[in-house]
Amino acid sequence: MTDSIYLGSFNFFRWVILHTPRPIKRTFIDLLAGVAYCIDFKHRKYAKANLDLAFGGTLDEISKKEIIKKTYKNLLYLLADFVENQGIDQKDLLKKVTFKNEEIMDEIHGRKKPVIFITAHYGNWELIALAEAARRKRGISIVGRPLDSKTMDKILKRNREQFDIRLISKYGALRPLMRELKAGRDIGLLVDQSVRPHEGIDIDFFGHKATHTTSAALLSRKFDIPIVPVFISTEDHEHYTMTFYPPIEPTHTDDIQADIRKSVEAQARITEEVIRKKPDEWFWFHKRWKIHHGEIYE
């Protein structure tokens with residue numbers, strides 16, 4: 001697709017979201033999700049392969065089909081909320097979100113050190129940094145992959161960098177992240193996707209070997225700061241619950257690799273736990289197990 005087609009499609013979607021009554025808007029999103037499910041054979045296949053590997057026979061075929069349909073729907077509702085959040089007032093944004101386990105963050109910020117947030121492509125993940133920055137009125141730096149469309153990437157960047165949020169490209173992100181932590185800023189990383197072998201280590205994820213990024217673990221150990229898992233979920237795509245989980249504290253033994261592995265395994269474990277509770281909100285379209293089980297996507 002050319003930039004003009006991307007922009008035209010986005011502007012049409014944006015107009016519908018901003019200028020139609022809520023019932024019509026929801027019908028439009030549901031219809032669009034249904035069409036995407038029918039015509040997007042490639043990603044539907046990836047999602048089915050992932051679900052088969054992750055759940056095997058513990059989920060029946062009807063349940064897997066429903067999860068895939070809801071995955072398309074979740075992605076489009078995320079995009080709709082993304083549109084609505086452009087230029088939003090902090091108070092209006094916070095009306096959408098209920099925070100659970102806030103005492104975890106109260107204790108950690110009482111240490112007067114920055115924190116590393118980790119999350120997944122789960123629920124309305126785009127809302128997490130915005131909500132946390134608006135709630136704390138504290139700067140946060142997040143990592144993201146630039147979009148292929150330069151025009152759409154500018155729109156994404158503008159939305160993500162509200163409320164003193166800084167967006168760092170995932171390519172060569174480690175050094176910029178170190179600078180942000182040295183400056184006392186919190187950082188946020190998505191840690192659920194496959195990475196190249198030299199960028200991670202192999203861990204168990206849903207009972208199967210998968211690569212997992214070591215970035216958060218390395219930074220946590222180097223700066224002696226905790227990793228806080230945070231995930232966001234919804235029942236109606238209008239109000240969201242953002243849950244903080246107990247911190248993954250760094251360990252400092254003589255075996256650095258063992259320390260890193262312990263942290264990475266803890267990250268993978270909480271991510272899997274959250275996904276298992278409500279699998280329809282995870283981004284099943286990604287080839288998560290492609291390094292060790294690439295044959296399932298062929």
Residues forming a salt bridge (Lys or Arg N to Asp or Glu O under 4.0 Å) with [X], sequence neighbours excluded:
X: R135; value: E102, E132
X: K64; value: D52, E61
X: R179; value: none

Salt-bridged, [X] to [Y], with N to O below 4.0 Å?
X: R276; Y: E272; value: yes
X: D92; Y: K95; value: yes
X: D164; Y: R185; value: yes

Once salt bridge (charged side-chain N to carboxylate O under 4.0 Å, His left out) is applied, what residue pairs with a partner in [range] remain, sequence neighbours excluded?
range: residues 27-38; result: D30-K73
range: residues 190-203; result: R196-E199
range: residues 236-255; result: R22-E238, R26-E238, R111-E249

[X], [atom1] atom: more than 12 neighbouring heavy atoms under 6.0 Å:
X: K25; atom1: NZ; result: yes
X: Y171; atom1: OH; result: yes
X: K278; atom1: NZ; result: yes
X: K48; atom1: NZ; result: yes

Quick one: do [X] and [Y] end up in the same hydrophobic cluster if we chain Ile, Leu, Val, Met, Phe, Trp and Tyr together by side-chain heavy atoms under 4.5 Å apart?
X: V83; Y: L78; result: no
X: Y37; Y: F13; result: no
X: L18; Y: L31; result: no
X: I17; Y: L76; result: yes
X: F55; Y: Y122; result: yes

Among R160, K96, E126, Q162, find the residue that satisfies the side chain to side chain donor-acceptor pair (under 3.5 Å) test when tested with N85.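 Of the listed options, the one satisfying the test is K96.
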Whether the [X] and [Y] side chains hold a donor-acceptor pair (N or O, under 3.5 Å, no angle test) is what I'd like checked.
X: S194; Y: T211; result: yes
X: N50; Y: H286; result: no
X: Q267; Y: S263; result: yes
X: S215; Y: T213; result: yes
X: H239; Y: T234; result: no
X: T71; Y: N74; result: no

For a quick test of reading the model, state the closest non-hydrogen atom pair linking R288 to A210 and the distance between them. NH1-CB, 3.7 Å
So, for W289 and F205, is the gap between ring centers shorter than 6.0 Å? yes
Check: H208 ring centre within less than 6.0 Å of H293 ring centre: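 Ring centroids of H208 and H293 are less than 6.0 Å from each other.
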Hey, what else clusters with [X] if you join Ile, Leu, Val, Met, Phe, Trp, Tyr whenever side-chain heavy atoms sit under 4.5 Å?
X: F41; value: none
X: I168; value: I116, I118, V143, L174, L177, M178, L181, I187, L189, V191, L219, F223, I225, I227, I248
X: I104; value: I88, L93, L94, V97, F99, M105, I108, V115, F117, L127, I128, L130, I140, I142, F163, I165, L167, V228, V230, I232, Y240, M242, F244

Straight-line distance of [X] [atom1] to [Y] [atom2], nearest 0.5 Å:
X: K287; Y: K45; atom1: NZ; atom2: NZ; value: 9.5 Å
X: I201; Y: T214; atom1: CD1; atom2: OG1; value: 7.0 Å
X: Y72; Y: C38; atom1: OH; atom2: SG; value: 9.5 Å
X: T253; Y: R221; atom1: OG1; atom2: CZ; value: 6.5 Å

Derivation of the side chain to side chain contact (heavy atoms under 4.5 Å, CB included) call for D204 and K209: CA-CA 5 Å; D204 181 271; K209 188 183 291 187; over 6 Å; no
[X]: partners by ring pair (Phe, Tyr, Trp, His ring centres under 6.0 Å), with sequence neighbours left out:
X: Y297; answer: Y46
X: H19; answer: W15
X: H292; answer: none

May I ask you to decide if the ring planes of F28 and F12 are parallel, tilted or perpendicular, using 30° and 60° as cut-offs?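 Perpendicular.
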